[in-house]
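Start at 1 and go down the list; that is how both ligands and their atoms are numbered. Worth saying up front: this structure is predicted, and the values here are computed from it rather than measured. Computed from heavy atoms alone, side chains included, the values below leave out hydrogens, waters and symmetry copies.
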Amino acid sequence: MKKFFKFMALALLGLVLVACGKSGESDGSGKTYQVGVAIYQFNDNFMTLYRKELESYFTKLGEETGNKYVLDIQDGKQDQATQTEQINNFIAQGKDVILANLVDPTAAGSIISSAQAADIPVVLINREPEVSEMEIWTGKTAYVGADATQSGTYQGEMIAATDTKGDINGDGTVNYITLFGDPANVDAQQRTAYSVKALTDAGIKNEALAEPYLANWDTAKGQEMTASALEQFGTKLEVVFANNDGMAVGAVTAIESAGRKVGKDILVVGVDAIPDAMELLKNGKLTGTVLNDHYNQSHTAANVAVELMEGKEVQPYYWIDYVKVTKEGDAELKDAEAKTETIKEVKERYAARK
Ligand code: GAL
């Protein structure tokens, strides 16, 4: 009888080892984790790249660890009330972690507080909230993103690095328009300000021909608004700063239909390095873009989420660098380490900006 039990115990041990996958590559837990992911809207080029990469990275993590990460990804449809309901459902269902790309970053505080009451950690992505929101539940909340001032600066620097420095008509001033993403979005605000600041810092005189055009990250709106600016300002318009590639692609379409040529008589820069923009760049129809690294942002967000699900404490801020893109190879995706920052460091850095 004793022998039988010993045999059964050994057989059971064998089963457990098999279930853990290849030895040495597994932490042996083989747990199932429920991950709630709230995306501000599915209908967005960049966030689609991000979402797909997040899914495939979690699958890869599952294969490597023997754990199972069950993703429940919801479309906030650009409506905060809808998204808050989706996040409240995640909380009611007792998800192990929530990843949130908020429609309205000012909702961060109430969302973090509700999640904290249910002891569910939160990773905020893409839309940066106020620092004060990140102080609510330190250790159990993180923001994973990119410093939008950097992307704006790179846009201005790319214009400053062209032969004409943006002053195509040689009148001594760079006349530009800005295609604006979305008023509640830090990325849009900072890209708008820092693209122009980089020109000024390079000693280049510049002037906006109009208030920023609110085009909501959208290609069709970018096209429509650039078309009307071209009609109104004609050859006075020398530079189009688009807060993202979606709108830059629309601008290029409008410019070509107006019979003008990017590079020769007008310059256009975007941000994201989406495939459509990379195609234009390759064909000389876009002056430049900036890689918004969805690959490393999504991997970092997933890694931070895993640490939180394992009960660990995390840093409040994880930053992935933007990359200047003026030719095809510049946008190559490769593993990069995130830079972390404490609340104190972020506060000091932001204070120094003003
Ligand atoms: C930005 C990106 C935009 C848009 C936006 C959504 O970082 O450049 O294309 O996706 O995020 O919040």
Side-chain angles (χ1 to χ4, degrees), residues 37-54 73-80 82-83 99-108 123-130 143-155 158 178-195 212-223 240-252 268-278 280 286 288-298 300-301 318-325 331 333 338:
V37 183
I39 301 294
Y40 94 102
Q41 70 168 336
F42 281 3
N43 182 19
D44 177 296
N45 289 317
F46 170 72
M47 281 315 299
T48 301
L49 291 175
Y50 193 122
R51 175 161 54 91
K52 299 286 174 206
E53 188 57 41
L54 186 71
I73 310 185
Q74 298 288 330
D75 179 0
K77 302 197 169 107
Q78 177 79 298
D79 179 55
Q80 190 54 58
T82 303
Q83 189 180 56
L99 269 93
N101 164 217
L102 297 177
V103 174
D104 176 2
T106 62
V123 182
L124 297 174
I125 57 169
N126 173 256
R127 298 187 151 196
E128 189 187 346
E130 290 289 332
Y143 174 69
V144 178
D147 175 2
T149 66
Q150 190 184 39
S151 52
T153 303
Y154 284 170
Q155 286 187 300
M158 286 188 290
T178 298
L179 299 173
F180 197 84
D182 145 10
N185 197 305
V186 171
D187 290 359
Q189 294 157 9
Q190 294 185 337
R191 287 173 193 165
T192 299
Y194 280 76
S195 51
Y213 292 88
L214 186 56
N216 262 307
W217 308 116
D218 185 69
T219 302
K221 286 197 185 120
Q223 180 179 343
V240 178
F241 285 119
N243 282 172
N244 80 342
D245 280 349
M247 299 183 292
V249 169
V252 171
V268 183
V269 283
V271 178
D272 284 343
I274 58 170
D276 283 355
M278 291 310 293
L280 289 177
L286 184 71
T289 183
V290 180
L291 172 66
N292 192 0
D293 186 349
H294 65 278
Y295 180 83
N296 284 297
Q297 288 180 53
S298 61
T300 304
Y318 293 79
W319 301 108
I320 302 293
D321 273 333
Y322 282 103
V323 181
K324 227 183 252 185
V325 180
L333 301 172

*Please confirm whether the backbone N or O of Ile320 pairs with a side-chain atom of Asn296, one donor and one acceptor, at under 3.5 Å?*
no
*Set of residues that line ligand 1, where lining means a heavy atom lies under 4.0 Å from it*: Tyr40, Asp44, Phe46, Asn126, Arg127, Asn185, Asp187, Arg191, Trp217, Asn244, Asp272, Asn292
*Which heavy atom in Asn216 sits nearest to a heavy atom in Met247, and how many Å separate them?*
N-SD, 4.3 Å
*asked:* Would you say Glu128 and Asn185 are linked by a side-chain donor-acceptor pair, where the criterion is simply a distance under 3.5 Å?
replied: no
*Among all residues two or more places apart in sequence or in another chain, which pass the salt bridge (Lys or Arg N to Asp or Glu O under 4.0 Å) test with Asp79?*
none
*What pairs with Asp104 under side chain to side chain donor-acceptor pair (under 3.5 Å), at least two apart in sequence or on another chain?*
Thr106
*For Asp182, check salt bridge (Lys or Arg N to Asp or Glu O under 4.0 Å) against everything at least two apart and list the hits.*
Arg127
